[in-house]
Amino acid sequence: QVHLVESGGGLVQAGGSLRLSCEASGRIFPSYVMVGWFRQAPGKEREFVAAIRLSGDNPVIVDSVKGRFTISRDSAKNIVYLQMNSLKLDDSADYYCAAHGAWGPIRIGVNEYDYWGQGTQVTVSS
């Protein structure tokens, strides 16, 4: 069982930055567990944004945010960060972190993740 808690969302002007945090607790083996960030805007499907193993291996970022968002982790604290820079109106959404334990490549499918946080809202204003 893995428990996830997100924080760091809020209201920001376009062009600004936010850093989201996802703290993981429970039965965690850093090289086995991957943590992903997903987002869901009103009326849209939940989509993959980025993911990384808690060990730091194999970070993956979706092309639409590459160059603006980075994903990192603090392995000592089991926290995964999503640094979001140059935010755009289209980045407004509820952001969720999720965890999945498996070897092999990073998963990017919503249905491939087993544990989810409660979400944190990001609103980008003009």
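Computation of the quantities below employed the complete heavy-atom set of this structure, encompassing side-chain atoms and omitting hydrogens, waters and symmetry-equivalent molecules.
Evaluation of the side-chain hydrogen bond (donor to acceptor under 3.5 Å, both in side chains) rule for Arg68 yields Asp91 as partners, not counting sequence neighbours.
Between the side chain of Arg73 and the main chain of Leu54, a donor-acceptor pair closer than 3.5 Å is present. Put simply, the side chain of Ser92 gets close to the backbone of Val124: a donor and an acceptor are under 3.5 Å apart.
When all heavy atoms of Ala41 and Ala93 are compared, the pair lying nearest together is N-CB, 3.8 Å. What you find for Ser7 and Thr120 is that their closest heavy atoms are C-OG1, 4.4 Å. In terms of heavy atoms, Ser21 sits closest to Ile79 at CB-CG2, 4.1 Å. Contact between Ser17 and Asn85 at its shortest, heavy atoms only, is OG-OD1, 2.9 Å. What you find for Leu4 and Ala24 is that their closest heavy atoms are CD2-CB, 3.6 Å.
Counting only heavy atoms from C-beta outward, the side chains of Glu6 and Leu20 never approach each other to under 4.5 Å. Between Arg27 and Gln1, every side-chain heavy-atom pair lies at or beyond the 4.5 Å cut-off.
In this structure, Arg39 CZ and Arg46 CZ are separated by 13.0 Å, a value rounded to the nearest 0.5 Å. The CZ atom of Phe69 sits 9.0 Å away from the CG atom of Leu18 when rounded to the nearest 0.5 Å. With rounding to the nearest 0.5 angstrom, the SG atom of Cys22 is 12.0 Å from the CD1 atom of Ile52. Separation of atoms CD1 (Ile28) and OG (Ser75) is listed at 11.5 Å; rounding is to 0.5 Å. Note that CZ of Arg53 is 9.0 Å distant from OH of Tyr32, once rounded to the nearest 0.5 Å. A distance of 8.0 Å separates CG in Asp94 from OG1 in Thr123, rounded to the nearest 0.5 Å.
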Please tabulate, for the side chains in residues 102-114, all donor-acceptor contacts under 3.5 angstrom to protein atoms that are two or more places apart in sequence or on a different chain.
{"residue": "Arg107", "atom": "NH1", "partner": "Trp103", "partner atom": "O", "Å": "3.3"}
{"residue": "Arg107", "atom": "NH1", "partner": "Pro105", "partner atom": "O", "Å": "2.5"}
{"residue": "Glu112", "atom": "OE1", "partner": "Gly109", "partner atom": "N", "Å": "3.0"}
{"residue": "Tyr113", "atom": "OH", "partner": "Arg107", "partner atom": "O", "Å": "2.6"}
{"residue": "Asp114", "atom": "OD2", "partner": "His100", "partner atom": "ND1", "Å": "2.7"}

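In this structure, Val65 is a member of the same hydrophobic cluster as Leu89, with clusters built from ILVMFWY side-chain heavy atoms closer than 4.5 Å. Cluster membership for Val12 and Val49, using ILVMFWY side-chain heavy atoms within less than 4.5 angstrom, is shared. In terms of hydrophobic clustering, with Ile, Leu, Val, Met, Phe, Trp and Tyr side chains grouped at heavy-atom distances under 4.5 Å, Leu82 and Val60 are assigned to a common cluster.
By the 30° and 60° cut-offs, the orientation of the rings of Tyr96 relative to Trp116 is perpendicular.
By the 6.0 Å contact criterion, CD on Gln13 is open, its count of non-hydrogen atoms from other residues, nucleotides or ligands being 12 or less.
Cation-pi geometry between Arg19 and Tyr81 is met: the NZ or CZ atom falls under 6.0 Å from the ring centre, inside 45° of the normal.
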